[in-house]
Amino acid sequence: MKLMRSFFQTAYTAFASGFTYRANTALGVLERLVRISVPLFVWSALYGASGETVINGRTLGEMMIYVLISQTCTALVSADFASTIENRMRTGIIEYNFIRPIPPRMIFVGEGFGQSLYALLLTGIPAAVLAAVLIPQIGFSLSPVYLLLFITSLVLGYVVSTVFELLKGMFAFWFVNVYILNWFMDLFYVLLSGAFVPLWFYPDWLRAIAAVLPFQAAYYLPVEIFLGIRDIPGCFSALGVQLFWIVVLWILQEILWRKSVYKLTVLGG
Amino acid sequence: MIHCQNLTKNYRTVAGKGPFSFGRQKDSESFLAVDRISFHIASGEMIGYIGPNGAGKSTTIKMMCGILTPTSGELTVNGLVPYKNRQKNARQIGVIFGQKSQLWWDLPITSSLKLYQKMYEIPDDVYHERYMQLCDMLELDEFADRPVRTLSLGQRMRGELAAAVLHRPPVLILDEPTIGMDVVVKERIRTFLKELNSAYGTTILLTTHDMTDIEKVCARAIMINKGKKLFDGTLEALRQNSQSDSRVTVRLEKAVPPWLEARLRGLEKPKAGTYIFRLSHTDEENRLLSEVLQNNRVLDMYIAEPTLEEQVAHYLGEGEAR
C-alpha cells in the first residue's frame, strides 16, 4: 500500500513534468493528430485506388479503427524509461534512485507510467476527435465481453512493454551507451509489433517471425481483440500469449537486474 | 552512529581500455580505493571528512549509503549494515551529492518534496510543519514555486538540503555541498547544518574542499589520502600536529645583519626594512625571532597563523614524504 502511494506519486510527478512546456504539449497534440491522420489518408487512398472494398479480409472501416486504436495504444506503451536509466547511469544520478526506501525499479516504472499517461493524453484528444468524426460513418459496435477482453489485453500489453523497457534499461548497466541497441530494438518494435502496418498484410514468413517474438504481444493483440478478428477462445489464447511473454521477459530482466546491481554495488559501476 | 572497522573497497578496473582497444586482451587491475579505514562517529557529532581528490571519500560515502558493497571490513550506520538493508538504511540517512541533483528539473521544488513525502511516508500535517520550518531556515519561499531549472546554483542547493532532511534522518551525509557556491550561500548552508545539529542532534558527515566549511561546522576531522586514514581528531589536534609555519611580516628601523638574515627561512624583502619570513612554533625559532628584534626598533609587525587549508596541505605533503 505504502509502495503504491510512492508509485503513484512518482507517476504523478512524471506526468506533471510533461506539462511544464505548454507549447510543447500543444504541438504534441498537433503532431499526434498528423501522425494518426496520415495513415488514415494513405489507407483510404489505397482502398480507393484498388477499387476493392475488402483487402486481405479487412474493410476500410476496420482499417481506420485499427489506425485509431493502434496509435492510441502506441502512446500508452511509448514511455522510454530505458533511456532515462541509461542517462542516469552515465551521469551517476542513478545513485539517488538507490538511496530511497522504495525499490529502484519501482521508481523507473512509476516514472514510465506517468510518461505513458501524458503521451496517452496527447494522443487521446486527437484520436477522440477523429473517432467522433469517423466512427458514425463506418458504423461500429463492440460487445461488452469484447470490451472487457480488450481492456484486459491492453493492460497486459502495457505490462509486456514495461517489462521489455526494463530489460532494455538493464543493458544500460552493462554498456552504458545503448543508443544504437535501442535504435535497433525500436526498429524491430515498429516492424514486428504491427504498430505501423497491421500484421495481416505481412507475408506468412514475416508473420511467423512476428508471432514468436514479444513485440506483437505489446499492442497488436489488443487491437485484434478490439476488431473482433478473434473468436472468444482466440481472445483467451491471445491473453495467454501476453502472460507468457510477461513471465519470460520478467525472468530475463530479473536475472539481468541482479547482475546489474552486483556490477554497480560490488564492482563499482 | 557510524562505525567502520578495517573498511576496505577494492575496485577491479579494466586496464588499457582506451577508445580503440577493441578485442584486445583485457587485464583486470585491482585498485584499492579505501584501505582498512577504521573510525567511530558518535551520535550528534559533526565530522569533516577531508582529503584530496581521489582520496576515497566518495567511495566511503557510497558504502555508507549502501550503494557500494565493501570488499572487506565492517561498516554499520545506526546499527544497520547499509548494503544488506539498503532500503531500511535509506530511511535513516539523508544524502547530498553536491554535483548531482535529486530534484525534478522541470518542476518546482515543492513537487519533489511532495514526492519524497510519500516515499518516506510522512503524514500530511507533519509534512506541512516541516515544510514551513525548512522554508524558514532555508528561505525557500522566494523560489519555491519556480521550476528547478530556473534556479541559481545556491537556490537549488537550498532545495537539495530541504529534500535531504525532509524525513528528518538521524544521519546526514554531504558530499561537497558547497561546491561552486558563493560566500553568502556557503555561510547559509553552514548555519543550517549547525541549526539542524543543535535542534535534532543530527549526525553530520561533511565532505568538502573548503576548509572554512570544516572550521565553521565541524569539531572533528577525519583525513584520508589514497584510501588510508591519515588523521582523526579535533581541529585543534590537527593544527598542532601539522606544525606548519606562521608567516611573520616585520618592518624594522635598522637592517638585519647578513649572518642573521641567512638563518631566516623563506625570506622575502619587498621593501628596504621590511622582512617577511616563515616561523615554526619551536623554541629555537622563537629564539631566532627575539634575536632579529634585538637592538632594533619595531615599526610594524604582523604574524599570520597558517590557515587550516595550509595545515591540511602540509599534513598531506608530509604524508607523501613519509
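FYI, side chains are in, hydrogens and waters are out, and symmetry mates aren't considered; it's all heavy atoms of this structure. A, B, ... follow the sequence lines: proteins, then strands. Residue 1 opens every chain.
- For a residue to count as touching a neighbouring chain, one of its non-hydrogen atoms must lie under 4.5 Å from one of that chain's; by this rule P104(A) touches chain B with the side chain only.
- Residues of residues 11-23 of chain A lying within less than 4.5 angstrom of chain B, judged on heavy atoms, are T13(A), A14(A), A16(A), S17(A), T20(A), Y21(A) in numerical order.
- For residues 105-118 of chain A, heavy-atom neighbours of chain B at less than 4.5 Å comprise I107(A), E111(A), sorted by residue number.
- More than 12 heavy atoms of other residues, nucleotides or ligands sit less than 6.0 Å from atom CE of M4(A).
- Considering CD of Q102(B) and CD of E95(A), their distance stands at 12.0 Å, rounded to 0.5 Å.
- Among residues 143-159 of chain B, the residues having any heavy atom closer than 4.5 Å to a heavy atom of chain A are, in sequence order, R149(B).
- In this structure, K228(B) places its NZ atom where only 12 or fewer heavy-atom neighbours from other residues, nucleotides or ligands lie under 6.0 Å away.
- Nearest heavy-atom pair across A90(B) and P101(A) is CB-N, 3.7 Å.
- Remark: M64(B) CE to I99(A) CD1 distance equals 14.0 Å, nearest 0.5 Å.
- Contact annotation: the side chain of F7(A) never approaches that of K118(B) to less than 4.5 Å [non-hydrogen atoms, C-beta and beyond].
- Distance check: K62(B) NZ to F98(A) CZ gives 12.0 Å after rounding to the nearest 0.5 Å.
- The CD atom of Q99(B) lies 11.0 Å from the CD1 atom of I93(A); values are rounded to the nearest 0.5 Å.
- Between chain A and the residues W105(B), Y83(B), Y116(B), the most heavy-atom pairs under 4.5 angstrom are made by Y116(B).
- Between Y96(A) and F97(B) the shortest heavy-atom distance is OH-N, 2.8 Å.
- Put simply, the side chain of Q9(A) does not reach to within 4.5 Å of the side chain of M119(B), judged on heavy atoms.
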Show me the donor-acceptor pairs, under 3.5 Å and distance only, between side chains in residues 29-36 of chain A and residues at least two apart or in other chains.
unit_1: E31(A); atom_1: OE1; unit_2: R35(A); atom_2: NH2; d: 3.3
unit_1: E31(A); atom_1: OE2; unit_2: R35(A); atom_2: NH2; d: 3.2
unit_1: R32(A); atom_1: NH1; unit_2: T123(A); atom_2: OG1; d: 2.8

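- L115(B) is not listed as a side-chain neighbour of R100(A), based on a closest heavy-atom distance of 4.5 Å or more.
- By the 6.0 Å contact criterion, CZ on F188(A) is open, its count of non-hydrogen atoms from other residues, nucleotides or ligands being 12 or less.
- In terms of heavy-atom pairs under 4.5 Å with chain A, the best-connected choice from S111(B), S101(B), S112(B), G66(B) is S101(B).
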